[in-house]
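Inspection log for the structure reproduced underneath, given as structure tokens.
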There are 2 protein chains.
Amino acid sequence: MYVTSRDERRHRSETAILAAARELFAEVGFERATIRAVAAQANVDPALVMQHFGNKEALFAAATQWPGEHQRILDATPDSLAAAALDDLLAHFEEADDRGGAVALMRSCLTHPTAMQVMRDQVMCERQAAVAGKLTGEDAELRAGLFAACMVGLGMARYLIRLEPVASASQEDLHRLMEPVLKALTE
Amino acid sequence: MYVTSRDERRHRSETAILAAARELFAEVGFERATIRAVAAQANVDPALVMQHFGNKEALFAAATQWPGEHQRILDATPDSLAAAALDDLLAHFEEADDRGGAVALMRSCLTHPTAMQVMRDQVMCERQAAVAGKLTGEDAELRAGLFAACMVGLGMARYLIRLEPVASASQEDLHRLMEPVLKALTE
DNA sequence: GTCTATATCTTGATAGAC
DNA sequence: GTCTATCAAGATATAGAC
């Protein structure tokens, strides 16, 4: 009498491995997170990790997908851009189901080639483009780029470097203090 | 008839190794920069690198010292804080003799334990404290921390991730667009 | 001071038993 | 599907000749 079919067990292993990988990649980055450590944390055999994902790069890619579209920004009016972008950031890092994946991507985005490419092309460039689309006047692209840079700086300080008191500040305080900052770039 | 004494040759090797190390650490980070590659780039034997610096950590520490004090910020008036901090950043990354060392530190500050500690304690915290000392009113520390976060974001986007058009913007444009941004935090 | 040779360790990845 | 055993490659670091 089997309570777990083969497919169920496979799926269970896979999610356990993915969760462990996200956590380790987020903590120590791509290079220092070993397949063995991921397997140990997921309570499976190291060879099983390879069986499921093929190689470490593929595991990393599966574990670090950026949560996605900048819908909040695209829906915003020029005046609500700053608030929308902040909501976007906070949602990705503090509310998303796979929020560890966002930290994992950022953790390695300075030292891992494909992580850097994803970070630049899919995160920063897209955000920059979404913002630039709402701007009028001179230097729209550059202002949008600086906007994206400030957002990245905030994310790094709060979630990666954990600089205090930025790391423990309330979402309300961040909105209150950062919105005027970002609005200096959008108007 | 010796034109190079032992001390001279030693000094010459050491500076060549340091320059090569700075360059490689800046390019690919601590993990992916191997002693062998550093030695090859400096045209010396790998064992010589060990002889001079003992181990890879010590080499990294020697190659990545942050250029130093935030004198410009400490000398600034509250009103010139933003301009002073920008000058400080631009000087560290575009004019300092060992400017590669600043990139090297930043490159690894998310994945290397001591690089992260240096970045947080000696770069961000000090900058935050220097800024906070000039601020009055509510949330001085948090505002100074967000100030430091924006500066880090700008540095990462411009020098590490090379997001365009931020990476190629002129110093004048950066001052013109970023000063109002930072001033939203200092007044 | 510099280099050759190598010890030692750790990694990602594979082969095959069960 | 899972695990045991192992490989091959690459790393840091060391010992000793010159």
Side-chain angles (χ1 to χ4, degrees), chain A residues 1-22 24-25 27-64 104 107-108 111-115, chain B residues 1-22 24-25 27-64 104 107-108 111-115:
Chain A
M1 162 126 198
Y2 299 95
V3 293
T4 54
S5 71
R6 276 162 103 91
D7 274 12
E8 277 177 354
R9 294 184 67 188
R10 180 178 183 86
H11 184 259
R12 201 167 292 184
S13 298
E14 201 164 297
T15 50
I17 292 169
L18 266 184
R22 253 195 292 272
L24 278 178
F25 284 138
E27 262 178 43
V28 298
F30 179 84
E31 310 285 344
R32 299 173 111 94
T34 65
I35 299 275
R36 287 167 161 83
V38 169
Q41 176 128 345
N43 270 318
V44 302
D45 191 273
L48 197 59
V49 178
M50 305 300 295
Q51 173 76 12
H52 278 270
F53 294 94
N55 59 41
K56 195 181 175 182
E57 290 286 343
L59 175 63
F60 183 73
T64 60
R107 177 76 66 193
S108 294
T111 44
H112 189 281
T114 70
Chain B
M1 157 145 192
Y2 299 95
V3 293
T4 54
S5 70
R6 278 164 102 90
D7 273 14
E8 278 176 354
R9 294 184 66 188
R10 180 179 182 85
H11 183 259
R12 201 166 295 184
S13 297
E14 201 163 299
T15 49
I17 292 169
L18 266 185
R22 253 196 292 272
L24 278 178
F25 283 138
E27 262 178 42
V28 299
F30 179 84
E31 310 285 343
R32 300 172 111 93
T34 66
I35 299 275
R36 294 164 207 268
V38 169
Q41 175 128 344
N43 270 318
V44 301
D45 191 273
L48 196 59
V49 177
M50 303 301 295
Q51 173 74 13
H52 277 268
F53 295 93
N55 59 41
K56 194 181 176 183
E57 290 285 343
L59 175 63
F60 183 74
T64 60
R107 176 76 66 195
S108 294
T111 44
H112 189 280
T114 71

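Reminder, nothing fancy here: chain letters follow the sequence lines and each chain counts from 1. Since this is a predicted model, take the numbers as computed values, not measurements. Just so you know, these numbers use all the heavy atoms, side chains as well, and skip hydrogens, waters and symmetry mates.
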- prompt: Looking at CD of A/Gln51 and CG of A/Asp45, how far apart are the two atoms once the value is rounded to the nearest 0.5 Å?
  reply: 11.0 Å

query: What is the distance from CD of B/Glu14 to P of C/dT2, rounded to the nearest Å?
result: 10 Å

task: Looking at every strand, decide which applies to B/His11 at a 4.0 Å heavy-atom threshold: base, sugar-phosphate, or nothing.
output: nothing

- prompt: Counting side-chain heavy atoms from C-beta on, which of D/dT4, C/dT2, C/dC3 comes nearest to B/Asp45?
  reply: C/dC3

task: Could you tell me which residues satisfy side-chain contact (heavy atoms from CB on, under 4.5 Å) with B/Ala63, sequence neighbours excluded, listed by chain and number?
output: B/Leu18, B/Ala21, B/Arg22, B/Phe25

- prompt: For the atom pair CE (A/Met50) and CD1 (A/Ile17), what is the distance rounded to the nearest 0.5 Å?
  reply: 11.0 Å

- line: Distance col, row A/Gln41:CD vs A/Thr34:OG1, nearest 0.5 angstrom, shows 10.5 Å

message: Whether A/Ser13 contacts D/dT2 is assessed here as follows: a side-chain N or O lying under 4.0 Å from the phosphate OP1 or OP2. Is that the case?
response: yes

- prompt: How long is the gap from NE2 on B/His112 to CZ on B/Arg107, to the nearest 0.5 Å?
  reply: 15.0 Å

Quick test: give all pairs of protein nitrogen or oxygen and nucleotides 11-18 of chain C nitrogen or oxygen below 3.5 Å, distance rounded to 0.1 Å.
unit_1 : atom_1 : unit_2  : atom_2 : d
C/dG12 : OP1    : A/Lys56 : NZ     : 2.9
C/dG12 : OP2    : A/Ile35 : N      : 3.2
C/dG12 : N7     : A/Arg36 : NH1    : 2.9
C/dG12 : O6     : A/Arg36 : NH2    : 3.3
C/dA13 : OP2    : A/Lys56 : N      : 3.1

statement: Rounded to whole Å, the NE2-P distance (A/His52 to D/dG1) equals 9 Å

field: Donor-acceptor pair, side chain of A/Ser108 and main chain of A/Phe30, under 3.5 angstrom
entry: yes

